[in-house]
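In listed order, ligands and their atoms are each counted from 1. Note that the structure is predicted; figures quoted are calculated from it, not measured.
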Amino acid sequence: MASYRGPQQRPGAAAPAGGHGDRFAPWYLRPVNSDTASDILAAAQDLLPWMIEIRRDLHQHPELGLEEHRTNAKVRSLLDEMGIEYVDGLGGTGVVGLISGNSDGRVVALRADMDALPIQDDKDVAYASKIPGKMHACGHDVHTTVLLGAARLLVEQKTSLPGTIKLLFQPAEETVGGAKLLIEAGALENPRVDAIFGLHVDPTLETGTVGLHFGQRNASSDNLEIIVHGKAAHGAYPFEGVDAIVAAAQVVSSLQTIVSRNVDAQEAAVVSLGTIHGGTQANIVADRVEMVGTVRCASQTTRQLVLQRIKETAEAVALGLGARAEVNIEPSYDPVVNDDSMLEIVRETSRSLLGDDSIVIFSKPNMGVEDFGYYLSEVPGAFYSLGVRNEAAGIVHPVHQGLFDVDESAMAIGVALQVLNALAGLAPC
Ligand code: NI
């Protein structure tokens with residue numbers, strides 16, 4: 001069965017006159033089904049040359065988190081061209097566009113992140129990064145372009161929309177959690193957002209496929225610092241001091257029991273210490289050891305348990321050896337936990353657009369992070385994976401690597417999906 005259903009493949013469809021809209025009613029006035037989906041996809045495919053130009057321009061001019069000034073200006077100028085009102089400067093370089101329909105109705109937000117990475121672009125293509133050491137190696141240029149494409153289709157039909165669409169162009173996904181900054185700046189208020197949808201390119205999935213996680217999609221992240229305080233002494237007379245290295249060794253060993261002994265075996269969690277530093281000389285008992293690490297958990301409940309056990313374990317073990325552990329936890333990203341009813345919307349829109357065979361359901365969460373979880377802590381929504389792999393064209397490299405690229409034709413699918421999700425999300429529950 002064809003997994004990709006373009007309008008040209010539909011038997012009995014009227015020959016398109018001036019595009020795709022000459023059947024009984026325009027797509028935006030019809031219920032979402034595979035015919036409507038095909039029409040939206042055709043409209044999105046018509047935008048591909050425009051989108052490829054935008055994406056390649058962004059790709060050649062990558063900007064790191066909170067430095068997205070050129071990207072911000074480009075987004076604003078395109079919103080201006082489309083006649084879409086917006087608020088600028090939210091969370092620093094964020095832009096929030098607003099498409100108001102014909103009634104108050106529900107409010108659906110669509111989100112794109114805009115920042116690039118400090119990675120050298122190793123691709124041999126004309127549109128490779130022009131900035132040494134910076135690259136859109138996570139596809140956020142594609143996310144931004146897809147949101148602009150969706151905005152263009154939605155604003156064309158704004159008088160028929162039974163609610164409001166918010167367009168969140170977000171900074172700094174890779175660094176400080178720009179989602180949190182946008183939320184703190186009020187991006188989900190006035191009007192209050194009822195549902196949110198976001199996508200991420202996935203080079204492990206072929207173009208024309210979509211990856212879905214029901215429930216947990218990405219782990220939380222917390223930065224961990226443990227300082228073990230002891231008392232210095234001559235190495236020949238350790239009984240006169242408190243050995244922070246021996247205490248730290250016991251703390252490290254004991255922390256290994258948290259995931260194995262305290263966390264439900266069906267839950268996912270990781271406690272990793274990345275560095276350990278202590279001591280000054282071979283014949284001095286160390287009075288201080290510093291360790292830093294990362295904690296990843298797939299749910300907020302597990303996260304609270306693990307962080308509490310780290311603090312209790314480190315403090316008590318050190319105390320038992322006469323030392324003192326100082327535990328500092330710096331919260332980083334929330335876990336991404338999809339709302340299953342919102343993800344069901346994405347499954348339905350994917351099915352109507354691409355067919356059942358093109359949907360991959362992932363059973364395990366990804367222990368990497370994504371700041372979309374901040375939105376999902378506030379409003380129901382869904383975050384999903386858009387296939388951008390094209391083996392025949394050699395587009396197979398993972399994100400965050402210098403050879404990463406995307407099959408640009410997937411942008412039309414992303415636009416169609418986000419438009420369909422927005423329309424479904426506007427429908428009264
Ligand atoms: Ni990313």
Side-chain angles (χ1 to χ4, degrees), residues 54-55 58-59 61-68 71-72 75 91-94 109-121 123 129 131 134-148 150 167-182 196-205 207 210-213 216-221 294 296 332-338 346 362 365-376 381-389 395-408 410-411 413-414 417-418:
I54 294 169
R55 184 259 166 167
L58 295 176
H59 199 78
H61 302 94
E63 296 173 302
L64 302 183
L66 299 181
E67 297 173 4
E68 306 96 332
T71 310
N72 164 296
V75 166
T93 43
L110 304 177
R111 172 273 206 169
D113 39 15
M114 302 189 291
D115 55 322
L117 285 159
I119 290 176
Q120 180 63 37
D121 193 338
K123 296 192 302 299
S129 170
I131 317 287
K134 295 182 188 175
M135 177 189 172
H136 268 294
C138 201
H140 299 187
D141 52 337
V142 174
H143 303 165
T144 301
T145 307
V146 165
L147 185 53
L148 287 163
L167 311 164
L168 309 186
F169 293 93
Q170 178 210 301
E173 192 283 322
E174 301 281 0
T175 54
V176 295
K180 197 174 183 186
L181 301 180
L182 270 202
I196 184 164
F197 296 96
L199 59 77
H200 202 293
V201 296
D202 187 338
T204 70
L205 298 175
T207 295
V210 170
L212 307 179
H213 287 79
Q216 299 155 350
R217 183 186 189 280
N218 291 80
S220 63
S221 171
T294 188
R296 305 292 172 97
S332 186
Y333 289 7
D334 280 352
V336 175
V337 183
N338 279 322
V346 180
F362 294 113
N366 180 340
M367 298 313 281
V369 296
E370 157 63 54
D371 77 1
F372 198 82
Y374 289 117
Y375 301 115
L376 296 178
F383 192 66
Y384 61 98
S385 303
L386 177 72
V388 293
R389 184 184 184 90
I395 297 172
V396 296
H397 298 283
V399 294
H400 290 222
Q401 291 197 8
L403 290 173
F404 167 74
D405 202 355
V406 304
D407 177 350
E408 290 170 320
M411 293 194 291
I413 297 170
L417 281 170
Q418 286 296 70

Quiz item: Given the rule in the side-chain contact (heavy atoms from CB on, under 4.5 Å) test, do Ile119 and Gln401 qualify, once you have shown the distances and angles that lead to the verdict?
Solution: CA-CA 7 Å; Ile119 290 176; Gln401 291 197 8; over 6 Å; no
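- Note on the Ni ion (ligand 1): protein N, O or S atoms under 2.8 Å away count 3, no waters included.
- Side-chain atoms of Thr207 and Asp407 include a donor-acceptor pair closer than 3.5 Å.
- Using modelled atom types and a 3.5 Å distance limit, the side chains of Gln170 and Tyr375 yield a donor-acceptor pair.
- Remark: side-chain polar atoms of Glu63 are paired, donor with acceptor, to backbone N or O of Thr71 under 3.5 angstrom.
- Using modelled atom types, one side-chain atom of Asp371 and one backbone atom of Ala179 make a donor-acceptor pair closer than 3.5 Å.
- When atom types are taken as modelled, the side chain of Glu370 and the backbone of Phe372 share a donor-acceptor pair closer than 3.5 angstrom.
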